[in-house]
Amino acid sequence: MKQYEKFLKEVEILSHKYASIYFNVELEALSMPFWSWDEIQKGLELRKEWEVDKELIPFYGDWHDLFCLNGNTGEIVALNDEREVLCSWASVKDFMSCLSEKEIVYDDESMEGAVHHFGDSRGHEVKH
């Protein structure tokens with residue numbers, strides 16, 4: 001984990017710049033902030049309870065859907081509530097290259113009463 005500590009300590013600031021991420025070729029909104037270093041540390045203790053493999057370091061999500069860094073390989077994975085890998089990035093560099101400043105606006109009618117999760121394709125890009 002030492003070699004990834006810089007990324008994890010600074011990941012929280014990504015929320016200030018990036019609004020979305022290219023996720024399996026689709027642009028997806030980042031609806032939550034990236035976790036702080038303290039939140040990441042607390043999250044390490046919750047992995048077993050939330051059925052997250054011990055080599056994975058969660059750094060974004062609501063514990064149902066998560067972005068995790070594999071502390072052994074450097075790969076970043078997006079997991080759903082069933083802990084299936086929905087998307088993966090081979091490295092921190094690959095992950096960073098998929099972040100986007102574009103904001104996604106969801107159609108209120110199709111999202112009413114629904115919770116947006118990774119892989120939903122109900123959004124569209126806002127043109128600036």
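What you see is a predicted model, and the numbers here were worked out from it, not measured in a lab. We number each residue from 1, following the sequence as shown.
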Can you tell if the side chain of [X] reaches within under 4.5 Å of the side chain of [Y], non-hydrogen atoms only?
| X | Y | value |
| --- | --- | --- |
| F67 | V11 | no |
| L79 | L86 | no |
| N70 | V77 | no |
| W37 | E5 | yes |

Can you run down the side chain to side chain donor-acceptor pair (under 3.5 Å) pairs that involve residues 42-51, sequence neighbours left out, and say none if there aren't any?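 Applying side chain to side chain donor-acceptor pair (under 3.5 Å) to every pair that reaches into residues 42-51, excluding sequence neighbours, yields nothing.
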Take the angle between the ring planes of F59 and F7 and call it parallel below 30°, perpendicular above 60°, tilted in between. perpendicular
Quick check for you: to the nearest 0.5 Å, what is the distance between [X] atom [atom1] and [Y] atom [atom2]?
| X | Y | atom1 | atom2 | value |
| --- | --- | --- | --- | --- |
| M32 | D65 | CE | CG | 6.5 Å |
| I21 | Y60 | CD1 | OH | 8.5 Å |
| W35 | E12 | CH2 | CD | 12.5 Å |
| W63 | D81 | CH2 | CG | 12.0 Å |
| L27 | C98 | CG | SG | 10.0 Å |
| D94 | S88 | CG | OG | 9.5 Å |

[X] (side chain) donor-acceptor with [Y] (main chain) under 3.5 angstrom:
| X | Y | answer |
| --- | --- | --- |
| S15 | F34 | yes |
| D53 | E55 | no |
| Y4 | G74 | yes |

Applying the 4.5 Å side-chain criterion to the ILVMFWY set and letting contacts propagate, would I13 and L99 be lumped into a single cluster? no
Over all heavy atoms of both residues, which pair between [X] and [Y] is shortest? Give the atoms and the distance, please.
| X | Y | value |
| --- | --- | --- |
| C68 | L56 | CB-CB, 3.8 Å |
| W89 | E75 | O-CG, 3.2 Å |
| A19 | E101 | CB-O, 3.9 Å |
| I40 | L8 | CD1-O, 3.4 Å |
| N24 | C87 | OD1-SG, 3.3 Å |
| S20 | I104 | CB-CG1, 4.0 Å |

